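Throughout, protein chains are lettered first and strands after them, A, B, ... in sequence-line order, and every chain is numbered starting at 1. Since this is a predicted model, take the numbers as computed values, not measurements.
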Amino acid sequence: MEFQAYDPKRIEPKWQKIWAETHAFEALDDHTMPKFFGLIEFPYPSGNGLHVGHPRSNTAMDIIARKRRMQGYNVLFPIGWDAFGLPTENYAIKNNIHPAIVTKKNVDHFREQLQKIGFSFDYSREVDTTDPDYYKWTQWIFLKLFEHGMVFRDKTLVNYCPTCKVVLSNEDSQGGKCDICHGDVVQLPKDVWYLRITKYADKLLEGLKSVEYPENIAQQQVNWIGKSTGAFVNFAVKGTDEKLEIYTTRPDTLFGVTFMVMAPEHPMIDKYADRIANMDAIRAYREDCAKKTEFERTQLVKDKTGLKIEGISGINPLTGKEVPIFISDYVMMGYGTGAIMAVPAHDQRDWEFAKKFGIDIIQVIKGGDIEKEAYTGDGEMINSDFLNGYTNKKDSIERVLEEIEAKGYGRAGVQYKMKDWAFNRQRYWGEPIPLIHCPHCGVVAVPYEELPLRLPEVEDFQPGTDGKSPLARIESYVNCTCPKCGAAAQRETDTMPQWAGSSWYFLRYCDPHNTEAFASKEALDYWMPVDWYNGGMEHVTRHLLYSRFWHQFLYDIGEVSCPEPYIKRTAQGLILGTDGEKMSKSRGNVVNPDDIIDDIGADAFRLYEMFMGAFDQAIPWSTNGAKGCRKFLDRVWRLQEMLVDSDTYSEKLMAMMHETIKKVSLDYEAMKFNTAIAAMMTLVNEMYAAGSVTKAELKTLIQLLNPVAPHITEEMWERNGFGSGMMRAPWPQWDEAAMVKSEIEIAVQVCGKVRGHIMVPADLTKEQAEATLASHEGVQRFLAGKNLVKVIYVPGRLVNFIAK
RNA sequence: GCCGGAGUGGCGGAAUGGCAGACGCGGCGGAUUCAAAAUCCGUUGGCAGCGAUGUCGUGUGGGUUCAAGUCCCACCUUCGGCACCA
């Protein structure tokens, strides 16, 4: 019979069909089995389809999932669609097609592309965040948050274009210009809904200790939360009964305060407007600030601007001294109390401000040269009354806090950089917020039994020119009756942000068709927590924090039984274009996986994605490199021509077989796919060198390779009669004893330089190693005329002779 | 500015403090072919040498060590994140 060449175009559709028809990858109902829940970030189904970046994460988790099945686990490896979002809405507006139709088309396209790559997803558990059966539960969780006081309404500053009368995202208002009309954007206060994530700041920090996140990911979360410890101190305001509260991390420098600064938006300014002599100038300064975007405000760091408030001033509670109050935009309303005590001697920003405005600088910590710059180091306290002589920052802070608290001037406190989560958008394509504004009862929740609150059908998805959502134009939607008192009331018309649906999707995977709950208790108890979650670095702060927050909240109210949703998180690096730049449509360097699969097949594509470099690093795409992976699969396939009918490993390859099993098994777990594949390539090279391969050797090789290249290996498994059900065949085991060799080659060094190699028995002792000195002429040449002072022997590696 | 990565052949990249460059791409030489593709075999860090061999080599400058890509100190470049956070 003519040997048939490797033909992925025939093999791949064949196995994809078999897997689908036999429901091969559906999670089993047997809850007595050990479980493995592997998760990848569900994709946003954009109109551009899949790019080669998506499969990198998917293939990695697919490898782990397939390996786990062979290790006897009941595996849940699901897929779904994070389908609400702006790009779809914008496309819908532009082409006048309903976003739901666009979404369906995109989802179908994505699914088809994913299936062509042969991922072992359980498609029977697909979720779609835009499906009312799904967002019913997103709304349900929101109402639970509302019920427990985790939702509140407050003002924020938004980017607003007065010409277009529309609220803009930060991306659409870069450089302070409107992306649509290129006019000036202003910062406008607007009422928005917030989720009280800051209440969970400490729990989110604490929880990091019980999970397995790589150091850099955990650190990014810690930085984002940005916990600082310090003190709130009240300064009396001369001329009023009011106290101005500030936050500081350095209460020990209180004696060095020479002025105070408020954020331009600070409410105290308006409150005492009639006592402020230069209110006109202050209003003008405020307007200038409002024009600046967040971006500009943080760019002009060096040149501090500001204005002294004439008419009110602060009193230092410890010294009783009067200090002037300024406004400046280097103080933010959104952090601390929106006001600071300024210590120019020991804070660089305060120092710059003081120099510009000619304010006194009082040094209270010895060290540095405060004429040149602020001194932020440690030192002995001076000019500080009862603190004088303290040399340790911790001690002086403790002492001053004692004093402040005893006299009622303030208290110790913590602050977080993390802000509460602004939880609404003035857009159509999102989950409707299930709240009702009643003129008598205030804000009232939509009753649970009325969920899902469906998105109404509209003709026009354009955002309103008044900064309101398009839903606000649908009278039949807006007008309703209050569920509490029955009075005529109005619905909230904003929708939830895209982060909402992705904050709990992994829970729905556990029991996706449940109509009574977001998932049954039983399913949650079995499947949760997620054992391994892989995704992009770009999501390790916000998405990870948001979803951990929701989960911790659900845990606190008894809806889930584990406090942390993910046991282990990993992140893959980006795949760049062949030019080394980030892939983007505008750069024209996007590589489409369909083309690659058409050329070399899905298995070779998967193989290359994993082989191209370290998994967690950004790597440029190389089409030649991908072709090399196809070449390897061709070589694997042709091993079938060299087959020897034996169900044991050959003497020659015995050690290497076991070494390869070990290397591949451990490297897969450590996500070192590139070296795992390299080890298999080395093994195949050795098989070619040996000229033959036994059935047992081939069987093991294709099992090791199966998670990466499932189609070709299933086909070879079948052709060679290795039995049915490759995907649940036991994972190969290695035997350390079989790896031991009787003779090994070690390096011989003289004074640290390699001077030769020598074959020695593997169990060579140090004494025996020293004796080899005499027998090795290469060594003697370098030792001639010198005295041997020391011999270092590293078993199995080298022997080093030190001579003088 | 702060936090976290990364700098190794022509290229992507390997390397528990122990022989730098595994594996792949590309290149070169050969076999096969009428020829080419594909395939197989060999070779491939720089410099010197016909050669055995020698010598220099992991961003820069110091240091620790018998031994440093790996550890320590100072710096340069680059990528990601945060950023007037009091």
Side-chain angles (χ1 to χ4, degrees), chain A residues 5 214-224 226-228 230 246-250 253 260-261 263 294-295 297-302 304 328-332 334-343 346-350 352-353 415-419 537-538 540-541 571 573-574 576 580 582 607-608 611-614 616-629 631-632 634-635 638 672 674-685 688-689 745-757 778 789-803:
Chain A
E215 182 52 36
N216 59 335
I217 292 180
Q219 196 56 48
Q220 271 194 39
Q221 297 224 343
V222 170
N223 290 349
W224 183 276
K227 182 175 183 170
S228 85
I246 58 95
Y247 175 74
T248 179
T249 54
R250 296 298 304 271
T253 62
M260 302 178 77
V261 187
E294 198 80 14
F295 179 76
R297 220 166 133 165
T298 55
Q299 281 309 298
L300 303 166
V301 177
K302 285 191 189 95
K304 298 265 180 297
S328 173
D329 64 357
Y330 84 89
V331 174
M332 306 289 153
Y335 185 78
T337 62
I340 62 160
M341 64 177 215
V343 185
H346 305 292
D347 182 291
Q348 189 57 28
R349 293 152 307 174
D350 297 346
E352 279 159 18
F353 195 86
Q415 274 294 301
Y416 302 94
K417 287 187 198 179
M418 183 171 69
K419 296 179 175 116
M537 270 316 280
E538 68 276 22
V540 302
T541 48
L574 230 50
L576 308 170
K582 196 170 168 174
L607 192 69
Y608 178 61
F611 181 64
M612 58 198 299
D616 56 1
Q617 268 157 48
I619 306 284
W621 181 267
S622 155
T623 300
N624 271 338
K627 282 187 177 146
C629 286
K631 223 156 96 178
F632 170 67
D634 278 318
R635 276 165 73 78
R638 281 198 309 273
K672 289 162 80 172
N674 52 339
T675 49
I677 292 165
M680 289 186 277
M681 287 173 168
T682 308
L683 177 62
V684 170
N685 289 345
Y688 271 81
E745 190 189 61
I746 63 166
V748 180
Q749 297 183 335
V750 178
C751 296
K753 290 203 169 176
V754 181
R755 295 301 181 180
H757 294 91
V789 285
K790 201 174 174 188
V791 179
I792 289 148
Y793 175 57
V794 184
R797 297 218 178 247
L798 53 78
V799 57
N800 188 5
F801 296 103
I802 315 301

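At a cut-off of 3.5 angstrom, counting only N and O atoms as typed in the model, there is no donor on one side facing an acceptor on the other between the side-chain of K417(A) and the base of C82(B).
Closest to the side chain of V754(A), from the set C19(B), A14(B), A86(B), is C19(B). For R638(A), counting side-chain heavy atoms from C-beta on, the closest listed nucleotide (C23(B), G12(B), C40(B)) is C40(B). Here the side chain of V331(A) is nearest to one of A6(B), A86(B), A15(B), namely A86(B). Comparing C66(B), C23(B), G4(B) against the side chain of Q219(A) picks out G4(B) as the nearest. Relative to the side chain of I619(A), the nucleotides A86(B), C19(B), G12(B) differ in distance, and G12(B) lies closest. Counting only heavy atoms from C-beta on, R797(A) has its side chain closest to C19(B) among G4(B), G54(B), C19(B). The side chain of E745(A) sits closest to C19(B) out of A86(B), C19(B), C84(B). In this structure, of A22(B), A86(B), C19(B), it is A22(B) that holds the atom nearest to the side chain of A678(A).
With its glycosidic angle within 90° of 0, G9(B) is assigned syn.
Counting non-hydrogen atoms under 4.0 angstrom, N674(A) reaches the backbone sugars and phosphates but no base. Residue A614(A) is in sugar-phosphate contact alone, with no base atom involved, counting any heavy-atom pair closer than 4.0 Å across all strands shown. Contacts of K672(A) with the nucleic acid, taken as non-hydrogen atoms under 4.0 Å apart, involve only primed sugar atoms and P, OP1 or OP2.
Under the Watson-Crick or G-U wobble criterion, with both distances below 3.5 Å, G18(B) is paired with C66(B). Summarising the base pairing, G4(B) is matched to C79(B) through a Watson-Crick or G-U wobble pair whose two defining distances lie under 3.5 Å. Judged by Watson-Crick or G-U wobble contacts below 3.5 Å, the nucleotide A35(B) has no partner. Remark: C40(B) base-pairs with G30(B); criterion is Watson-Crick or G-U wobble with both hydrogen-bond distances under 3.5 Å. For G10(B), the paired nucleotide is C25(B), the pair qualifying as Watson-Crick or G-U wobble because both relevant distances are below 3.5 Å. A74(B) and U60(B) make up a base pair, with Watson-Crick or G-U wobble contacts both under 3.5 Å. The pairing partner recorded for A48(B) is U53(B), the criterion being a Watson-Crick or G-U wobble arrangement whose two distances lie under 3.5 angstrom.
Within the model, atoms CG of D350(A) and NZ of K304(A) stand 9.0 Å from one another, a figure rounded to the nearest 0.5 Å. Considering CG of N223(A) and CD of Q220(A), their distance stands at 7.5 Å, rounded to 0.5 Å.
C72(B) and C23(B) are spaced 33 Å apart, taking the C1' atom of each and rounding to whole Å. Separating the C1' atom of A31(B) from that of G45(B) is a span of 28 Å, rounded to the nearest Å. Taking the P atoms as reference points, G1(B) lies 12 Å from C75(B), given to the whole Å. With P as the reference atom, G7(B) and U58(B) are 14 Å apart, rounded to whole Å.
N216(A) has no side-chain polar atom (N or O) that falls below the 4.0 Å cut-off from OP1 or OP2 of G81(B). Distances shorter than 4.0 Å separate some side-chain N or O of Y335(A) from OP1 or OP2 on A86(B).
Between V794(A) and N800(A), the one whose closest nucleotide on RNA chain B sits nearer the 5' end is V794(A).
With sequence neighbours left out, the side-chain hydrogen bond (donor to acceptor under 3.5 Å, both in side chains) criterion links N800(A) to Q749(A).
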Using a 4.0 Å heavy-atom cut-off, write out nucleotides 24-31 of chain B from 5' to 3' as B (base contacted by protein), S (sugar-phosphate only) or - (no contact). SSS-----

Just the table, please: protein N/O against nucleotides 68-72 of chain B N/O, every pair under 3.5 Å.
none

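Between Y330(A) and F353(A), the ring planes are tilted. Angles from 30° to 60° get that label.
In this structure the side chain of I217(A) reaches within 4.5 angstrom of the side chain of M537(A), judged on heavy atoms.
Per the geometry, CD1 belonging to I802(A) stands 8 Å off C1' belonging to A67(B), to the nearest Å.
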